[in-house]
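These numbers were taken from a predicted model, which means no experiment stands behind them.
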Amino acid sequence: MAAIPILRLNTAFSDRMHETPPKSCKENNFNTYDDKVSDALNVPYDYTSVMHYSKTAFRNGTEPTIVTRIPDFMDVIGQRMDFSDSDLLKLNRLYNCSSSLSFMDSCNFELENVCGMIQGSGDSADWQRLSRVPGGPESDHSNMGQCAGAGFFMHFDSSAVNAGATAMLESRTLYPKRGFQCLQFFLYNSGGAGDQLNIYIREYSAGAPNGTVVLVEEIKDIPTGSWQLYHVTLKVTNKFRVVFGGVRGAGASLGGLSIDDINLSETRCPHHIWRIRNVTQLIGSPDGTLYSPPFYSPKGYAFQISLFLSHATNAGIYFHLISGANDDQLEWPCPWQQATMTLLDQNPDIRRRMSNQRSVTTDPLLSTDDDGKSYFWDRPSKVGEVAFFPNGTQFRRGPGSGTSAFITHERLKSRDFIKGDDVYILLTVEDISHLNTTSPQPVPTAGIPITSTTTARTTTARIPDLCVKFTCENDGICTVQDGKAECRCPSGEDWWYMGERCEKRGSTRDTIIIAVSSTAAVFGAMLVVTLVSVYCTRRRYRQKTGSNAADVPVENASSPSNQQQRSLAVPRAQGSCEQPAVRPLCSSDGRPSGEGTSDRCRGRVWCELSAPVLGSYPIREACPSQGFCACRPLPLTWPPV
């Protein structure tokens with residue numbers, strides 16, 4: 001069994017050490033370690049860990065040796081009742097009992113340790129953990145005020161500082177595996193229109209042990225009065241921290257910026273977000289037919305999503321290509337673009353979400369008529385219908401592809417699909433044409449010229465034709481792989497050719513016949529062996545029985561001596577006996593009725609038991625050490641085992 005390693009505690013960012021000097025020779029217990037020695041296993045600092053020292057550990061005096069940065073945990077540290085949740089999580093991760101390829105962090109600020117986050121240095125204000133702000137928000141996004149005594153978020157009060165003031169909040173240290181990440185969070189603006197949130201990355205490297213801060217994105221023009229969903233794409237390969245930087249803008253401010261429900265995963269961020277407000281009143285309503293704003297895919301195709309909530313029981317969703325600014329430069333019919341539409345489950349923890357998803361792929365060969373002259377995904381100006389945006393702008397909307405049973409109204413109202421009467425649909429359009437390509441059919445060639453161009457000169461070489469002397473049978477094709485000729489053999493649905501030169505043919509039928517024949521042959525062989533063994537065994541016992549019966553003298557059952565005894569046993573000693581063995585008499589119950597002695601006779605004797613009903617049965621019985629012979633009735637089976 002592997003030894004359980006010590007879970008070292010890195011307290012550099014959480015506790016102040018040595019309020020009073022510890023006892024002599026105990027200072028080593030307060031050493032701090034970096035992540036090259038101590039691995040936090042991507043778990044926040046844990047005040048409730050069973051491994052944490054108490055506030056008076058190794059005390060030398062009356063004052064505490066450890067003072068927590070958050071006073072509420074002063075009497076919590078040092079508990080020895082049980083493993084904390086984070087202790088168990090660390091152990092599971094340490095021994096690979098549970099793992100996630102994409103999850104990195106999730107925080108809803110319900111715990112006082114704020115998920116291991118720290119206030120940045122060099123700023124002019126701090127973020128505060130609050131449950132409500134007079135100017136808004138009235139509640140957090142996680143619980144929406146539904147849980148008394150719960151529901152917290154981090155707030156930067158821009159009304160209390162001057163324009164240009166900043167507040168930096170840094171996440172705990174994170175360790176990427178994939179090199180790409182998606183940061184998702186909810187943001188509430190109750191301050192001025194000029195307030196903004198900057199997202200930074202503090203990336204650590206050998207040349208920058210304190211980290212290099214890089215601006216990733218500036219979020220400006222934040223709507224006021226409601227929680228908004230945001231995604232930020234990161235591309236980090238070294239250990240890092242995410243930094244949320246609030247900036248006080250010009251103009252009046254009555255509140256500030258608030259963040260909640262932060263999730264970080266090593267996945268791709270969606271390309272677009274469609275937010276639908278006041279959705280409850282649209283479910284089952286005749287006005288429940290909705291169209292999204294126009295969006296553009298990375299390839300430049302313009303598209304739109306339609307959502308139908310007017311049905312009595314189900315909601316339908318469809319993907320449409322629409323006329324856009326790039327149509328003259330694009331390929332039509334639209335080839336192999338995969339659109340993914342995701343109805344977001346707004347659970348605060350990304351690991352507990354059960355979002356609803358539907359994907360549509362634009363097949364350029366999909367036609368809308370029997371003649372194949374009209375294509376479903378052709379240019380919207382050719383196959384689309386006239387439509388208008390809310391501002392009155394005219395455009396063309398192509399036919400939609402999707403499902404009328406995307407989600408039931410009952411399920412839509414369950415879980416956290418609707419929160420604050422809002423729903424979010426995440427949209428991604430990816431080019432998957434590379435998945436539809438296959439390697440070209442190889443054709444044998446004779447000496448293909450290869451041209452290599454360098455800055456110095458251009459050279460031409462020829463590959464020797466290795467297939468000239470290498471013939472493939474049964475229509476196989478010769479190819480050159482790694483400088484060696486080999487055959488690619490033809491195959492069908494239930495047949496194939498194989499072998500070095502495609503000389504062997506196989507099929508599903510032949511495989512089944514061979515398997516059945518082999519099974520039958522093995523069964524037949526086992527049956528023959530069994531029958532022969534039984535026959536030989538029976539024959540051998542019959543021969544022994546006949547031989548033994550011939551050697552036993554038969555007495556007249558009506559003789560005077562037999563009239564006095566029910567049975568007479570005549571022993572016949574095997575081996576050399578100086579004196580003949582005495583004949584002991586056997587009674588009807590098989591016990592000796594007479595005694596005989598022979599000191600030198602220790603071999604086997606033969607007894608014959610005469611019974612009025614059973615007849616005469618030879619019995620082979622070994623003489624005991626005294627030379628007695630005891631006869632007993634035979635079982636009804638013969639020969640005896």
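In this structure, Phe303 has its ring center no closer than 6.0 Å to that of His271. Aromatic ring centres of Phe186 and Tyr188: separated by at least 6.0 Å.
Geometrically, Lys235 does not engage Phe180 in a cation-pi contact defined by less than 6.0 Å to the ring centre and at most 45° from the axis. Relative to the six-membered ring of Phe406, Arg358 misses at least one condition, a distance below 6.0 Å or an angle of at most 45° to the axis.
For the residue pair Asp87/Ser49, the side-chain donor-acceptor check at 3.5 Å is satisfied. Residues Ser142 and Asp261 have side chains that bring a donor and an acceptor to within less than 3.5 angstrom of each other.
Here CG of Leu427 is found 9.0 Å from CD1 of Ile273. Values are rounded to the nearest 0.5 Å. One finds the CG atom of Leu41 at 10.5 Å from the CG atom of Asn92 (value rounded to the nearest 0.5 Å). The CG atom of Asp46 lies 12.0 Å from the CZ atom of Phe83; values are rounded to the nearest 0.5 Å. Here Glu430 contributes atom CD and Thr428 contributes atom OG1; the two are 6.0 Å apart, rounded to the nearest 0.5 Å. Taking CZ of Arg241 as the start and OG of Ser171 as the end, the distance is 6.5 Å to the nearest 0.5 Å. Atom CD1 in Ile77 sits 11.5 Å away from atom OG1 in Thr48 (nearest 0.5 Å).
Within the 4.5 Å cutoff, side-chain heavy atoms of Tyr230 are placed close to those of Ile219. At a threshold of 4.5 Å between non-hydrogen side-chain atoms, the residues Ile262 and Gln184 do not count as touching. Contact annotation: the side chain of Tyr53 never approaches that of Thr65 to less than 4.5 Å [non-hydrogen atoms, C-beta and beyond]. By the 4.5 Å heavy-atom criterion applied to side chains, Ser84 and Leu88 are not counted as neighbours. Residues Arg411 and Met354 form a side-chain contact, since some pair of their non-hydrogen atoms from C-beta on lies under 4.5 Å apart. Contact check for Ile407 versus Asn314: no side-chain heavy atoms found under the 4.5 Å cut-off. Between Asn356 and Thr342, every side-chain heavy-atom pair lies at or beyond the 4.5 Å cut-off. Put simply, the side chain of Gln357 does not reach to within 4.5 Å of the side chain of Met341, judged on heavy atoms.
Using bins of under 30°, 30° to 60° and over 60° for the plane-to-plane angle, the ring pair Phe58/Phe30 lands in the perpendicular bin. The aromatic rings of His320 and Tyr291 sit tilted relative to each other, their planes meeting at an angle between 30° and 60°.
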query = Stepwise, does the side-chain hydrogen bond (donor to acceptor under 3.5 Å, both in side chains) test hold for Asn198 with Gln196?
reply = CA-CA 7 Å; Asn198 296 336; Gln196 71 180 58; 2.7 Å; yes
ask   = Which is it for Asn263 and Ser106 under the side-chain hydrogen bond (donor to acceptor under 3.5 Å, both in side chains) test, yes or no, and what are the steps along the way?
value = CA-CA 4 Å; Asn263 284 281; Ser106 180; 2.8 Å; yes
request  = Determine, stepwise, if the pair Ser205 / Asn238 fulfils side-chain hydrogen bond (donor to acceptor under 3.5 Å, both in side chains).
outcome  = CA-CA 7 Å; Ser205 63; Asn238 299 318; 5.4 Å; no
message = Walk me through whether Arg172 and Asn42 qualify under side-chain hydrogen bond (donor to acceptor under 3.5 Å, both in side chains).
response = CA-CA 8 Å; Arg172 58 189 175 89; Asn42 207 22; 2.9 Å; yes
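Gly402 approaches Tyr318 most closely through the heavy-atom pair N-CD2, 3.4 Å. Considering all non-hydrogen atoms of both residues, Arg178 and Ser102 come closest at NH1-CB, 4.3 Å. Contact record, Glu138 with Arg132: OE1-NH2, 2.8 Å, taken as the closest heavy-atom pair. In terms of heavy-atom proximity, Asp140 sits nearest to Gly145 at OD1-N, 4.0 Å. Of all the heavy atoms in His409 and Ala315, the pair that sits closest is CE1-N, 3.8 Å. The minimum heavy-atom distance between Val242 and Ile201, with the atom names listed, is CG2-CD1, 4.1 Å.
Pairs engaging residues 272-286 under the side-chain hydrogen bond (donor to acceptor under 3.5 Å, both in side chains) rule: Ser226-Arg275, Gln228-Arg275, Arg275-Asp422, Arg275-Tyr424, Thr280-Asp421 [sequence neighbours left out].
Checked against side-chain contact (heavy atoms from CB on, under 4.5 Å), Pro294 has the following partners two or more places apart in sequence or in another chain: Ile322, Phe389. Judged as a side-chain contact (heavy atoms from CB on, under 4.5 Å), and not counting sequence neighbours, Ala40 has no contacts. Residues meeting the disulfide bond (SG atoms under 2.5 Å apart) test with Cys334, sequence neighbours left out: none. Residues satisfying the side-chain contact (heavy atoms from CB on, under 4.5 Å) criterion with Ser54, sequence neighbours excluded, are Thr56, Ala57.
Not a single donor-acceptor pair under 3.5 Å links the side chain of Tyr175 to the backbone N or O of Met104. Side-chain atoms of Ser310 never come within 3.5 Å of backbone atoms of Thr289 as a donor-acceptor pair (strictly under, hydrogens ignored).
A salt bridge is defined here as a Lys NZ or Arg NE, NH1 or NH2 lying under 4.0 Å from an Asp or Glu carboxylate O, and Glu170 with Arg202 meets this definition. At a threshold of 4.0 Å, the pair Asp349-Arg352 counts as salt-bridged, since one of the basic side-chain nitrogens sits closer than that to a carboxylate oxygen.
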Would you be so kind as to tabulate the donor-acceptor pairs closer than 3.5 Å made by side chains of residues 148-158, with sequence neighbours excluded?
unit_1	atom_1	unit_2	atom_2	d
His155	ND1	Leu257	O	3.3
His155	ND1	Ser258	OG	2.8
Asp157	OD1	Ser159	N	3.1
Asp157	OD1	Ser159	OG	2.5
Ser158	OG	Asp195	OD2	2.7
Ser158	OG	Ser253	OG	2.7
Ser158	OG	Gly255	O	3.2

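Partner Phe244 forms a ring pair (Phe, Tyr, Trp, His ring centres under 6.0 Å) with one of Phe185, Tyr200, Trp127 and no other, that one being Phe185.
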